[in-house]
Amino acid sequence: MSELSRFFIELAGRWQKRWREAKVFEPEPSPGTPKFFITAAYPYPNGAIHIGHGRTYLIADVLARFHRHFGRRVFYPMGFHYTGTPILTVAEVIAAGDKTVMEEYMEIYGVPEEEMKKMGDPLYLARYFHLQSKRAMEAFGLSIDWTREFTTIDPEYQRFIQWQFEKLRKKGLVVRGRHPVGWCPRHSMPVGAHDTKDDKEPDIGQWTLIYFADGEGLTFPTATLRPETAPGVTNLWINPDADYVVAELNGRRVVVSRDAAFRLSFQGEVKVLREARGREFVGRWVQNPVTGEWVEIYEARFVDPKVGTGVVMSVPAHAPYDYAALRDMGLERLIPLIKVEGYGEYPAKEVVERMGVKNQTDPALEDATKEVYSAEYSRGVMREDVADLVARHLPEPARSMVRAVFKMYFAGRPVKEAREFISKWLVESGLGGVMYDIMNKPVYCRCGTEIVVKVLEDQWFLNYGDPKWKEAARRLIEEMAMVPSDAKAHFLATVDWLDKRACARTRGLGTPLPWSPGWVVESLSDSTIYMAYYTVIKKIRQFGLKPEQLTEEFWDFVLLGVGDVGEVAKKTGVSPEALKAIREEFEYWYPLDSRNSGKDLIPNHLTFFIFNHVAIFPSEKWPRQIVANGWVLREGEKMSKSKRNVLPLDRAVEMYGPDPLRATLVIAAEVEQDLDFRDAEARRNAQQLMAIYALVQRIAQTAEDRAPSWLDLWLASEVAQILERVKEAYQRVRVRQAAVDVLYNVKSAFDQYLSMVERPSKLAVEAAKAWVIAMEPIAPHLAEELWAVLGGGGFAASAPWPSLKADPAALLAKRYVDMLIEDVKKIPAFGPGTRKVAVYVNRRFEWAKAALSGDIRAAIQAGAPPQAAKRLVDLLKSLGEEVRSLVASVEKFDELEALTSYKPYLEKALGASVELYDAEDASAPDLGGKKKAALPLKPGIYLSS
RNA sequence: GCGGGGGUGCCCGAGCCAGGCCAAAGGGGCAGGGCUCAAGACCCUGUGGCGUAGGCCUACGUGGGUUCAAAUCCCACCCCCCGCACCA
């Protein structure tokens, strides 16, 4: 902790205490007064929040604080998300004594060793980080109303979630079905990416099974990713040396590898009847259910019993492995199925030969397979004659019927479509099935066991695939304000592909499904409309309502206005006054004005937030805005536990002080951009804030009451002008833009001002006050301190937005003086030797105004001599947007007067003495004949040494 | 694979939606100067190439196209980042 940060921390502590005591951030509803309700995604306390969270909360805080200056009731609450598995998982790992994890926690979050030991208990762990995070948010100066704080395992919250799910279910949006999940056989538990070794994401894929029967009661289910090649099967492959079993699978007697039988047992009934070696089945003949053709089972050592079923169909025309193996055996027989531009009839053969593959063990076959597969998948089309291969064993008219279907949906179709069709057809006609598998195996559970795919038979889903629901979600997305605006496309795309989503789980903390105990509402499903809960929980507690009173009728009344107060009161035992008061509070605060989070939540949480709002609430209660910010990198690198470079918020506050940290997190990148947090930058910002502190102190102490000079007016105008821009930037959530202006550009104006005046005037104090309010959203503690120094009265946090007005003439005067300085410096003869600068001013400002039109005649009409008029029009054209508009809005402007008051500044800037003359003053010396060179806004200049 | 976003000068990044005023804002870095006992901070100047100035050439992933005119519009291709579900 440096001297500087100590200063800022001490200062912040003082003001935080006063805010708390005065309850500045604990708004009560006030019907008739405008409000602003903003929330940021609550944190998940399996660790302390870091500067990435801090950034999101800070952006929300800046907006909250900004809106407070406009007489709005601003409501910014916070809660903690206990629901879910990671807390559980981490606690388990700690309980098991995992050294790496414990060290990570101690090092990154500074957890003392004796606390570490207690973190085997998930609730203790959550509570610990909950409190640590909360302390960090307070120290960071977030203007959060803590009277509404809650956790998602509070009984009241659970009643709320149960209400939500009953509502969704009654609307038919909750459905039940089969669902594959990654599964650890040892734990008998679902395994997500977070629970695997190295956080490897299990890739759950589907094999199509095709049932080849041998006529003696045995079925050989081949597993394939390319069912469209089934008509081209010439034989099956089985590994002669691998372990196989004969088993009952869903009423069929099948032959699969022993490993496959194990994996299949998680996806249906599997009863192993006997074990066998693969070679036992070699030489059998089986019937292709698609074509009716009988083919032989050959042996192949490349068949991996851990992949699929261990029974493989052979399509030599389109699969390089199959072709190579058959070539080795001297049994080439090719049935072409797919046409691909750039290849002949038999792509597999062609590629194998081109690559010079030697035999079936040649590693080049991998590449060959990849090439053929991707070429056929992306550009391949099924041949027209494939339908004739199908159903040769069926009697008429069945044969013709099947062929007709294949002609329609299979022959001549792109591979993609044909595959989809045949896969569906196989399943529906009972000739095939589906088997799930981990496609990127092996993936291991944290415990070391290889995971498998388990099919949950009665999983609950939220049916985000429902077209009407999607339509409503799209409508809201269209209406909503989004920062950044590009996020809209992302949201719409998400809505498009989103389908059923499992919404309950068998383990973890959370709310039990009201109608199906044993299932817990999953954490991305119990966090979609909780913003409404913030509005009511305070009063629920104040009235001492018990969880069991929070019935469906209660929530219906309070959140939807459904039902009669008297009735609801009678049924719930809640007094009508309480019901009305709670309802009123919800009515006042809702809808939500801004929802803030990291951009990573766009395809999940934020989309669900939209879906659930449109499902539950009427459109006038739909949220108004989403702000999704980018990541926070640290010194150019992603923060991660394993790199141990995570910077927790509380530590960051200690290192830099709250205001410097805030300034850095706001100024280093615009909202949508990833922000690279650099130590050096944070230190620089601390110094800048310190300089601002010193500067304002100086103004407060030295200001004198005097009639405002051009300089005083300029300062006030300059500040007013920048603050106008700042206001607009805040409104558009361009917080970086606002911060650059308010912390750097306004400061520069003040610096310049102070360098030009002997003593600041009272007007400068007014400008400083305005400045302090504008910086309050970013550096609130410093702002309070300076507000007090300037005698502002009350809290800066609650003061109205400044009404400082810009005087265009004052701005013009300053621009004009700066232009003059530039002009002088541009003169080649100007140099260190220049002692005296004579300036001849043309005071006919009305000529300049007339020349603004670009019309020379207008200038002449205004009285300018023709040659001057021409030059003047050209001059005005070259002046730039800002000055031109100033000229337009200023009525009278006396250049001589302006220059006179800026004379010391001029002399300092030029390092020479300056003499000012009216060009029309006959008594003035006409040095170098420059009198007639003078134009309005462009004085004549004569240098002498 | 599907979906979203990108590729701009030494680096970061704006501009592209509404084509010209774009050798292309703003930072950073670097070089020079100022301030200072000195460093930092701060301020000024320069920072594609050539030319004595006007100017010329080369440039916005690559290749085509539309247009009097393209970083900006269209097409194709290459490359990068992010997300893809029961996980917060």
Side-chain angles (χ1 to χ4, degrees), chain A residues 41-47 81-90 152 179-183 190-196 199 201-205 225 373-374 377-378 416 439 454 456 459-462 464-465 484-508 519-527 597-605 607-608 630-631 633 636 638 667-670 672-676 678 680-681 683-684 686-688 690-691 736-737 740 744-745 747-748 751-752 755 821-822 825 832 877-878 880-881 909 911:
Chain A
Y42 49 25
Y44 189 75
N46 64 335
H81 201 192
Y82 280 41
T83 316
T85 43
I87 289 177
L88 222 56
T89 314
V90 173
T152 59
H179 184 62
V181 293
W183 186 265
V191 175
H194 294 276
D195 311 314
T196 61
D199 283 351
E201 174 105 37
D203 176 14
I204 296 175
L225 294 171
Y373 186 100
S374 93
Y377 181 71
S378 55
K416 236 181 272 190
M439 302 318 255
K454 159 97 172 168
L456 300 175
Q459 173 73 52
W460 293 99
F461 297 93
L462 285 176
Y464 292 125
S485 53
D486 312 359
K488 262 187 197 181
H490 203 177
F491 275 109
L492 290 171
T494 306
V495 169
D496 271 343
W497 66 255
L498 207 62
D499 196 10
K500 293 189 192 66
R501 187 194 151 86
C503 61
R505 256 200 314 250
T506 50
R507 66 172 185 138
W519 287 98
V520 172
V521 177
E522 167 275 338
S523 56
L524 280 172
S525 303
D526 82 342
S527 54
S597 90
K599 67 179 178 185
D600 49 324
L601 298 188
I602 290 175
N604 44 69
H605 163 71
T607 302
F608 302 151
W631 312 108
L633 309 177
K638 204 172 160 178
I667 215 165
E670 207 50 271
E672 67 274 16
Q673 251 143 31
D674 293 347
L675 181 154
D676 186 9
R678 290 180 186 273
E681 240 171 280
R683 289 175 194 286
R684 211 172 300 144
Q687 284 184 344
Q688 179 75 9
M690 198 61 206
R736 181 190 125 85
Q737 181 56 53
V740 168
Y744 284 86
N745 294 336
K747 161 90 165 33
S748 301
D751 282 339
Q752 215 180 0
S755 74
I821 293 168
E822 285 298 305
K825 285 185 173 173
K877 270 187 195 154
S878 71
E881 201 67 30

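Order of the sequence lines sets the chain letters (A, B, ...), proteins ahead of strands, with each chain counted from 1. Just the heavy atoms: all of them, side chains too, but no hydrogens, waters or symmetry mates, feed the values below.
As rounded to the nearest Å, B/rG63 and B/rG15 have C1' atoms that lie 24 Å from one another. For B/rA59 and B/rG5, the P atoms lie 30 Å apart once the distance is rounded to whole Å. Remark: the separation of the P atoms in B/rG64 and B/rU58 is 15 Å, to the nearest Å. B/rG29 and B/rC11: their C1' atoms are spaced 7 Å apart (whole Å). For the C1' atom pair drawn from B/rG46 and B/rC10, the interatomic distance equals 15 Å after rounding to whole Å. The same atom, P, is picked in B/rC68 and in B/rG4; the two are 34 Å apart, to the nearest Å. Spacing between B/rG28 and B/rG20 at atom C1', rounded to whole Å, works out to 31 Å. Separation of the P atoms belonging to B/rC82 and B/rC77 is 23 Å when rounded to the nearest angstrom.
One interatomic measurement links the two molecules: CG of A/D486 to C1' of B/rC17, which rounds to 10 Å at whole-angstrom precision. Taking atom CZ of A/R736 as the reference point, atom P of B/rG27 lies 9 Å away to the nearest angstrom. In this structure, A/E672 atom CD and B/rG6 atom C1' are separated by 13 Å, rounded to whole Å. Nucleotide B/rC87 holds its P atom 10 Å from the CH2 atom of A/W183, rounded to whole Å. Per the geometry, CZ belonging to A/R683 stands 17 Å off P belonging to B/rG40, to the nearest Å. Atom CE of A/M439 and atom C1' of B/rG1 are 13 Å apart (whole Å). For the pair A/Q688 CD and B/rC42 P, the interatomic distance rounds to 8 Å; values are reported in whole Å. One can place CG of A/D751 at 18 Å from P of B/rC35, the figure rounded to the nearest angstrom.
Residues satisfying the side chain to side chain donor-acceptor pair (under 3.5 Å) criterion with A/Q752, sequence neighbours excluded, are A/K814, A/Y905.
Between the A/E522 side chain and the A/R505 main chain, no donor and acceptor come within less than 3.5 Å of each other.
Using modelled atom types, one finds a donor on one side chain and an acceptor on the other under 3.5 Å when comparing A/D526 with A/H81.
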Under 3.5 Å between N/O atoms: give me all the protein pairs with nucleotides 79-85 of chain B, atom names plus distance.
from   : atom 1 : to     : atom 2 : distance (Å)
B/rA85 : OP1    : A/E201 : OE2    : 3.0
B/rA85 : O2'    : A/R501 : NH1    : 3.0
B/rA85 : N1     : A/K500 : O      : 3.4

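In this structure, A/Q459 reaches neither bases nor backbone, as no heavy-atom distance under 4.0 Å exists between it and the strands shown.
No more than 12 heavy atoms of other residues, nucleotides or ligands sit less than 6.0 Å from atom NZ of A/K500.
OP1 or OP2 of B/rA88 has at least one side-chain nitrogen or oxygen of A/T85 nearer than 4.0 Å. Considering only side-chain N and O atoms, A/R505 lies under 4.0 angstrom from the phosphate OP1 or OP2 of B/rA88. An OP1 or OP2 oxygen of B/rA14 is reached within less than 4.0 angstrom by a side-chain nitrogen or oxygen of A/Q673.
Both A/A493 and A/L601 lie near RNA chain B, and the one whose nearest nucleotide falls closer to the 5' end is A/A493. Residue-to-nucleotide proximity on RNA chain B shows that, of A/L524 and A/T494, the 5′-proximal contact is made by A/T494.
Side chains of A/Y464 and A/T607 form no contact here, defined as non-hydrogen atoms less than 4.5 Å apart. Counting only heavy atoms from C-beta outward, the side chains of A/S527 and A/T83 never approach each other to under 4.5 Å. Here the side chains of A/D600 and A/W631 are in contact, with some heavy-atom distance below 4.5 Å.
A pairwise comparison of heavy atoms in A/Q459 and A/C503 identifies NE2-N, 4.1 Å as the closest pair. For the residue pair A/A487 and A/I602, the shortest heavy atom distance occurs at CB-CD1, 4.0 Å. Closest non-hydrogen pair, A/F608 versus A/L498, comes out as CE2-CD2, 3.7 Å.
Salt bridge annotation for A/K599-A/D486: absent, with no cationic side-chain nitrogen under 4.0 angstrom from a carboxylate oxygen.
Remark: RNA chain B takes part in the stems B:1-7 with B:78-84, B:10-12 with B:26-28, B:29-34 with B:42-47, B:48-50 with B:55-57, B:61-65 with B:73-77, each of 3 or more antiparallel Watson-Crick or G-U pairs, criterion distances under 3.5 Å.
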